[in-house]
Amino acid sequence: MAEEGTTTTARPEGGPGRPSGPGGRPPGPGGPGGGRKFFRRKKVCKFCTEKIDAISYRDVRLLQGFVAERGKIVPRRLTGVCTTHQRRLSKAIKQARNIALLPFAARF
Amino acid sequence: MQRFYEVMFIVRPDVADEDADKLIANLEQTVTTGGGAIRSTEKLGRRKLAYQVRKFNEGNYVLLTIDADGALIAELERRLRVSEPVIKFITVRMDEEEKRLAKVRAIRATRKKLSAMPPEPAPAAAPAEAAPAATETATQASA
């Protein structure tokens with residue numbers, strides 16, 4: 001009851017001293033799972049370099065390059081795709097799954 | 001306000017070809033009588049499905065690209081839902097996407113003009129009236 005408003009000064013919320021993110025992971029895409037090296041070679045977004053505008057749910061061959069063996073969507077830290085394209089890709093994959101062009105879960 | 005949609009549906013593999021054609025013709029008629037316009041009808045042929053749908057492992061894929069308004073699409077979907085040979089369908093709205101693509105192509109065309117190269121004609125996919133109009137406004141804005 002006494003210490004209500006006394007310590008209003010230094011309340012470390014995220015702290016300017018603490019590094020951002022969960023414990024000093026090095027920046028850059030594609031950090032391997034084991035944490036061996038710091039920097040993998042910089043992967044570039046395939047859609048940005050080849051200037052592919054439209055990612056349609058219909059071109060299965062393109063989408064299959066971004067889908068794992070069991071049918072799961074591969075995270076962008078492994079493929080190097082940029083955020084906007086990953087979002088569009090994800091939407092297209094989900095549409096393709098709905099129309100049975102790609103499986104929801106494969107290889108049981 | 002006509003919007004541009006892509007409707008893809010799967011017809012069961014065990015219906016005869018002419019029945020499938022009749023079904024597609026019926027759907028096209030629904031669109032035209034409802035005030036829409038059909039841009040194209042594509043039969044993508046028989047394909048293996050990625051998973052079993054209603055005990056079928058294959059299906060005939062059909063793609064319709066149409067200009068329609070929302071109410072007509074609702075009616076079309078209702079028909080697809082009740083029609084027995086159709087096992088799956090998906091409707092995707094493409095007009096915003098098309099606008100975005102046209103804008104990107106227009107920007108790319110102006111960039112090429114500014115670099116003093118003859119601009120290549122916009123690809124056939126972009127609607128013809130949008131591309132030169134957009135390029136004109138873009139060049140006017142940049143001048």
Side-chain angles (χ1 to χ4, degrees), chain A residues 28-30 42-108, chain B residues 4-13 40 42-65 77 80 86-109 111-112 120 122-126 131:
Chain A
K42 286 237 169 210
K43 267 190 154 248
V44 285
C45 170
K46 176 182 172 177
F47 299 101
C48 290
T49 40
E50 293 175 21
K51 299 238 188 267
I52 301 174
D53 290 333
I55 308 174
S56 172
Y57 62 97
R58 284 179 280 140
D59 45 6
V60 183
R61 232 162 290 275
L62 175 69
L63 298 178
Q64 260 171 349
F66 296 93
V67 164
E69 207 176 67
R70 302 205 55 169
K72 298 163 117 180
I73 302 179
V74 185
R76 63 175 266 259
R77 60 188 161 83
L78 296 182
T79 54
V81 184
C82 71
T83 317
T84 30
H85 286 124
Q86 176 72 5
R87 262 191 270 127
R88 277 188 218 148
L89 184 65
S90 177
K91 190 163 191 204
I93 292 176
K94 291 173 185 174
Q95 282 171 345
R97 281 177 179 168
N98 267 306
I99 196 69
L101 290 167
L102 285 175
F104 282 100
R107 233 184 182 262
F108 51 97
Chain B
F4 173 40
Y5 294 92
E6 269 185 17
V7 182
M8 184 182 267
F9 56 94
I10 311 178
V11 183
R12 311 163 49 143
S40 71
E42 274 180 54
K43 281 189 157 181
L44 307 167
R46 188 170 282 226
R47 277 190 69 135
K48 185 160 157 36
L49 301 177
Y51 47 87
Q52 206 177 41
V53 181
R54 273 205 228 168
K55 313 263 188 342
F56 294 114
N57 286 312
E58 285 189 334
N60 284 314
Y61 279 81
V62 183
L63 175 68
L64 286 176
T65 41
E77 286 199 343
L80 285 169
V86 173
I87 50 177
K88 248 194 197 295
F89 65 92
I90 183 173
T91 314
V92 183
R93 188 168 157 188
M94 295 296 284
D95 50 325
E96 301 290 326
E97 175 77 6
E98 212 181 44
K99 262 193 258 173
R100 184 186 64 88
L101 287 176
K103 199 162 71 157
V104 164
R105 285 192 197 116
I107 292 174
R108 231 176 259 162
R111 224 182 274 156
K112 286 221 163 111
E120 53 191 44

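Residue numbers begin at 1 in each chain, while the letters A, B, ... track the order of the sequences. FYI, side chains are in, hydrogens and waters are out, and symmetry mates aren't considered; it's all heavy atoms of this structure.
- Taking CG of B:Leu49 as the reference point, atom CD1 of A:Ile99 lies at 9.0 Å (rounded to 0.5 Å).
- The two residues B:Val53 and A:Ala100 have their closest heavy-atom pair at CG2-CB, 4.4 Å.
- The CE atom of B:Met8 lies 6.0 Å from the CZ atom of A:Arg58; values are rounded to the nearest 0.5 Å.
- With a 6.0 Å radius and a threshold of 12 heavy atoms from other residues, nucleotides or ligands, A:Lys72 has its NZ atom at or below the threshold.
- The nearest pair of heavy atoms linking A:Pro103 to B:Ala50 is N-CB, 3.4 Å.
- Crowding of B:Glu96 atom CD: a count of heavy atoms from other residues, nucleotides or ligands under 6.0 Å exceeding 12.
- Heavy-atom contacts from other residues, nucleotides or ligands closer than 6.0 Å to CZ of B:Arg100 number more than 12.
- Here the straight-line distance linking atom CD of B:Glu97 with atom OG of A:Ser56 works out to 8.5 Å at 0.5 Å rounding.
- Side-chain atoms of B:Tyr51 come within 3.5 Å of backbone N or O of A:Arg97 as a donor-acceptor pair.
- Across all their heavy atoms, B:Leu101 and A:Ala54 have their closest contact at CD1-CB, 3.9 Å.
- For a residue to count as touching a neighbouring chain, one of its non-hydrogen atoms must lie under 4.5 Å from one of that chain's; by this rule B:Tyr61 touches chain A with the side chain only.
- Contacts between B:Leu63 and chain A at a heavy-atom distance below 4.5 Å involve the side chain alone, from C-beta outward.
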